Amino acid sequence: MLSKRALASTLYDLLDLYRVIAPCQRDGELRFDRVVSAKEVMLDYGNTAKSPKGVFFPQHESMIKFGRQVDQFNQIKQVPLDRTPTVLLGVRPCDARAFVLLDSVFAQGRYLDPYYQARRQNTLIVALACTSPRQTCFCHAFESGPYDRQGADIFLRDAGDAYLVEGVSQKGRDLISQGYLGRASQAYLDKAAEIEAQAVARLADIEPVVGIEKLLPGLFDSPVWQEIAEKCIACGTCTYTCPTCHCFNIEDRLLANSGERVRAWDSCMYQFFTQHASGHNPRPDQASRWRQRTMHKFEYLPRNVGLFGCVGCGRCVQSCPVRLDIRGVLRRVREAASAGGNVEE
Ligand code: SF4
Ligand code: SF4
């Protein structure tokens, strides 16, 4: 265990050795950012409006830079990969689990993303159990919950005036073995169990998501997508705040004698996301874009990598300006499937 009073001095030790990224106040909002002082770290929080996915997959990043030489763009400079040893502290279990999905996209299989990999391989994730799940949280619909350890290297549990600290991966156990911790007494173990039971009791009733991947193939041509997309204003907020959404665009930004190739987040909710150079758009309306968002997260990813593209963090539910609730979308999917799938209702 680590007493909450000793946390600050442990953090100062970490700050000497690592770049520490943690929840802190920036520009009037709570977000994950680099901290330079233990005082900035805020571990007593619900969750951030934006997920910490930008730590590995920034909202925009330079991939290469180039300069003109004798009327040609022929000086190309690679941007150095970011291998700074980093501790990502205070990540909620849903967001830590989202990294497992991002790993399957960027760091496994045939195509590896060196930019993501360099940051990911040099970062240790310290997750923090969630003691106050919100009404919009539905991690427990995915056979998960506020104490899920997936994706974490080290897992912290609240035990009153201390945290219980658990090494989940070898990387995490190695850091813990450096001697920052004391042994927890039975009283602390009991207190942690009591807090966990209270957190689990706060979870709202929800139907399991597992199994929905089998219903979706029959709904490709269903009118349900038109109904779901009716009030969407295509602002993209749901995809930008989502810890698992990972679509991006790459473009060359040109100045007179130089330029850079930039990768930036993109959104399947946008009209021009799939528009071809010919002008043809295979997803011409918001209904087909909402079908893609739903099927990608709940059918294609489970089929291709064995994971859902949603961890139930509830951010899109909270941030959507027209209150389009993904839990309601899944409910309508179940209803449409039981009413006969692709047939007009
Ligand atoms: S789809 Fe919504 S609830 Fe699911 S992970 Fe993304 S933001 Fe969270
Ligand atoms: S946040 Fe809401 S309105 Fe904006 S794109 Fe997503 S579903 Fe549509």
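One-based numbering, in listed order, for ligands and for the atoms of each. Since we're looking at a predicted model, the values are computed, not measured.
- The environment of K77 atom NZ is sparse: at most 12 non-hydrogen atoms of other residues, nucleotides or ligands sit within 6.0 angstrom.
- At least one test fails for R263 against the ring of F57: distance under 6.0 Å to the centre or angle within 45° of the axis.
- In this structure, D174 places its CG atom where more than 12 heavy-atom neighbours from other residues, nucleotides or ligands lie under 6.0 Å away.
- Residue contact check: P243 has heavy atoms under 4.0 Å from atoms 5 (S), 6 (Fe), 7 (S), 8 (Fe) of ligand 1.
- Taking a cutoff of 4.0 Å between a charged side-chain nitrogen and a carboxylate oxygen, D325 and R332 do not qualify as a salt bridge.
- Protein heavy atom in closest approach to atom 4 (Fe) of ligand 1: C310 SG, 2.3 Å.
- Geometrically, R289 does not engage Y270 in a cation-pi contact defined by less than 6.0 Å to the ring centre and at most 45° from the axis.
- With hydrogens and angles disregarded, no donor-acceptor distance shorter than 3.5 Å links the side chain of K50 to the backbone of R31.
- Here the protein heavy atom with the shortest distance to atom 5 (S) of ligand 1 is V311 N, 3.3 Å.
- Distances shorter than 2.8 Å separate atom 2 (Fe) of ligand 2 from the protein N/O/S atoms C320 SG.
- In R293, the part holding a heavy atom less than 4.0 Å from any atom of ligand 1 is the side chain.
- Short contacts between ligand 1 and F138, defined as distances under 4.0 Å to a heavy atom of the residue, involve ligand atoms 3 (S).
- Atom CZ of R331 has 12 or fewer neighbouring heavy atoms from other residues, nucleotides or ligands inside a 6.0 Å radius.
- Remark: E194 CD is packed, more than 12 non-hydrogen atoms of other residues, nucleotides or ligands lying under 6.0 Å away.
- Of the protein's non-hydrogen atoms, C242 SG, 2.4 Å is the one closest to atom 6 (Fe) of ligand 1.
- Atoms of ligand 1 found under 4.0 Å from any heavy atom of G314, numbered from 1 in the order shown, are 3 (S), 8 (Fe).
- Distance from atom 8 (Fe) of ligand 1 to its nearest protein heavy atom, with residue and atom name: C313 SG, 2.3 Å.
- Counting non-hydrogen atoms of neighbouring residues, nucleotides and ligands closer than 6.0 angstrom, the CD atom of E143 reaches no more than 12 such neighbours.
- Between K65 and the options V79, I76, V262, a side chain to side chain contact (heavy atoms under 4.5 Å, CB included) holds for only V79.
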